[in-house]
Amino acid sequence: MVGFEYAVLTAFGVPRFAWRFMGLKEATRILQAMFAVTAVILAARVVAGMYLRELPAAQYALIPIGINGLNFLLGFLGISGVRALRRTIVERASVQRLQRSSPIRTPTLLIGA
């Protein structure tokens, strides 16, 4: 399942996103990829459940439907959350670096247009 998810995320181009520039466009692409993964896995689970219902041991091999929902939610939050955290850390460090290297500020009053 993890290998399939990575293949779909790669097909959607998620690993090629720059971590430093995580935005709404990238979050939407990650959401689409996770939705596609969840839809395929859910469809496979439903189809397998129909055909394997007669086998007594099959109930232990099927992934519960609720786990697919959790996989979608946690996968999306994990992938986008780590990237958003990385962006926040880089931007905060950049602002702090600029504040330390800026020259001494002189108060200025502008008069007129």
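Values below: all heavy atoms of this structure, side chains included; hydrogens, waters and symmetry mates excluded.
Residues Val14 and Phe35 fall within the same hydrophobic cluster, defined by Ile, Leu, Val, Met, Phe, Trp and Tyr side chains chained together at heavy-atom separations under 4.5 Å. Taking hydrophobic clusters as Ile, Leu, Val, Met, Phe, Trp and Tyr residues chained together by side-chain heavy-atom distances below 4.5 Å, Leu74 does not share a cluster with Leu85. Both Leu77 and Ile41 are part of a single hydrophobic cluster, where members link through side-chain heavy atoms under 4.5 Å apart. Leu42 and Phe76 fall into different hydrophobic clusters, where Ile, Leu, Val, Met, Phe, Trp and Tyr side chains are chained together by heavy-atom contacts under 4.5 Å. Under the 4.5 Å side-chain heavy-atom criterion for Ile, Leu, Val, Met, Phe, Trp and Tyr, Phe17 and Tyr6 are members of distinct hydrophobic clusters.
Counting only distance, with no hydrogens or angles, the side chain of Arg83 and the backbone of Met22 share no donor-acceptor pair below 3.5 Å. At least one donor-acceptor pair closer than 3.5 Å links the side chain of Arg29 to the backbone N or O of Phe12. A donor-acceptor pair under 3.5 Å is formed between the side chain of Thr88 and the backbone N or O of Ala84. Side-chain atoms of Thr108 come within 3.5 Å of backbone atoms of Thr106 as a donor-acceptor pair (strictly under, hydrogens ignored).
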Take Met34 and Ile79, measure what side chain to side chain contact (heavy atoms under 4.5 Å, CB included) needs, and give me the verdict at the end. CA-CA 10 Å; Met34 288 306 296; Ile79 294 169; 4.2 Å; yes

Candidate pair Met1 and Asn71, rule side chain to side chain contact (heavy atoms under 4.5 Å, CB included), full reasoning: CA-CA 10 Å; Met1 200 161 107; Asn71 181 48; 3.8 Å; yes

Assess whether side chain to side chain contact (heavy atoms under 4.5 Å, CB included) is satisfied between Phe72 and Leu31, documenting all intermediate values. CA-CA 9 Å; Phe72 172 77; Leu31 187 65; 3.6 Å; yes

Could you give me the CA-CA distance, side-chain angles and deciding distance for Arg16 and Thr10, then say whether side chain to side chain contact (heavy atoms under 4.5 Å, CB included) is met? CA-CA 8 Å; Arg16 289 182 285 151; Thr10 302; over 6 Å; no

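For the pair Glu5 and Val37, the tightest heavy-atom approach, listed with the atom from each and the gap, is CG-CG1, 3.2 Å. Residues Leu9 and Pro15 share a closest heavy-atom pair of O-CD, 3.4 Å.
Heavy-atom neighbours of Phe4 CZ from other residues, nucleotides or ligands within 6.0 Å: above the threshold of 12.
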